[in-house]
Amino acid sequence: AADDQYLHCACFALIPAGQSSAQSLAPVKVSVGVPTPSVPFLPLSVTVQKGFDRANGIEIDIRTISGSVGIQSMVSGGLDFTTSAGSVLNAGLAGAPVRVLMIMIDKSTYTIYARPEIKGVQDLKGKRISVDSIGGSQYSELLLGFKKIGFNPSDVAIVGLSPSLRLASLESGAIAATMVAPPQDLMFEKQGYNRILRLGDHVVGINGGLGVSTALLQSKPALEGER
């Protein structure tokens, strides 16, 4: 069902007016931003691997791009969609011309993993913790989680860091902790890092979905009517 929703939205947004997917001689390319290869974004990967996109007349180009950067790219016309629905919601509330089309998971899937010497959240005081981007869903859920457990977010330095650099940064001590989503949590467990806070136990979060710019909605009004 999730795959069908992704494809339904993409088809109506990108296939030229008056042309059905069956009439298209070549698949219409659709660019979709994904912040990290994790569980909330699995349906999109399955869609591409199984060829469901091409069977529906489109070709999905998955681009690894953080939520905030993806939103900037959508607004400028460099990206069609982003799966960072939480970041899109935050940006929309702040006045950005974007809209959430669908949500995959309405509970935080993020967990904080820390270096071996960090045994609990209180040990993070004065330390650095990374999220994929400042202002994105990881960032907002981290702030909410800290407040829920009575920890002052200003007691830590929150930095934006590419997910590909998290493990190396933990190993070097450049950061003391980081936000991780399944299935990467298994890797961090295996490496001996401490799980100090599961955000899903404390906060509601938006993880995965589909966001689009209002400009694309206006150019393809059928998209909103067919969600």
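What you see is a predicted model; the values in this text were computed from it and never measured.
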Show the nearest heavy-atom pair for residues [X] and [Y], with the distance to one decimal.
| X | Y | answer |
| --- | --- | --- |
| Pro35 | Thr83 | CD-OG1, 3.6 Å |
| Thr178 | Ser130 | OG1-OG, 2.6 Å |
| Pro43 | Met104 | CG-CE, 3.4 Å |
| Ala176 | Lys127 | CB-CB, 3.6 Å |
| Ala85 | Val100 | O-CG2, 3.6 Å |
| Asp80 | Met74 | O-SD, 3.8 Å |

Just verifying a value: how many Å separate [X] [atom1] and [Y] [atom2], rounded to the nearest 0.5 Å?
| X | Y | atom1 | atom2 | answer |
| --- | --- | --- | --- | --- |
| Asn152 | Lys125 | CG | NZ | 8.5 Å |
| Ile149 | Gln122 | CD1 | CD | 7.0 Å |
| Leu124 | Phe146 | CG | CZ | 5.5 Å |

Could you check if a side-chain atom of [X] sits within less than 4.5 angstrom of a side-chain atom of [Y], using non-hydrogen atoms only?
| X | Y | answer |
| --- | --- | --- |
| Leu161 | Asp132 | no |
| Thr111 | Phe188 | no |
| Arg195 | Ile112 | no |
| Val204 | Ser108 | no |
| Val156 | Phe151 | yes |
| Ser133 | Val69 | no |
| Tyr193 | Glu171 | yes |
| Val98 | Leu89 | no |

Sidechain N-carboxylate O distance under 4.0 Å for Lys29, Glu59: no
Salt bridge or not between Asp61 and Arg63? Use side-chain N to carboxylate O under 4.0 Å.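 Yes, charged N to carboxylate O under 4.0 Å.
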Taking the side chain from Asn194 and the backbone from Ile118, do they hold a donor-acceptor pair closer than 3.5 Å?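 Present.
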Please check: side-chain N/O of Ser213 versus main-chain N/O of Leu216, any donor-acceptor pairing under 3.5 Å? yes
Residues Gln184 and Tyr113: side-chain donor-acceptor under 3.5 angstrom: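 Their side chains do not contain a donor-acceptor pair, so the 3.5 Å distance test is not met.
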Strictly by modelled atom types, are Asn90 and Ser140 linked by a side-chain donor-acceptor pair under 3.5 Å?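 Ser140 and Asn90 do have a side-chain donor-acceptor pair below 3.5 Å.
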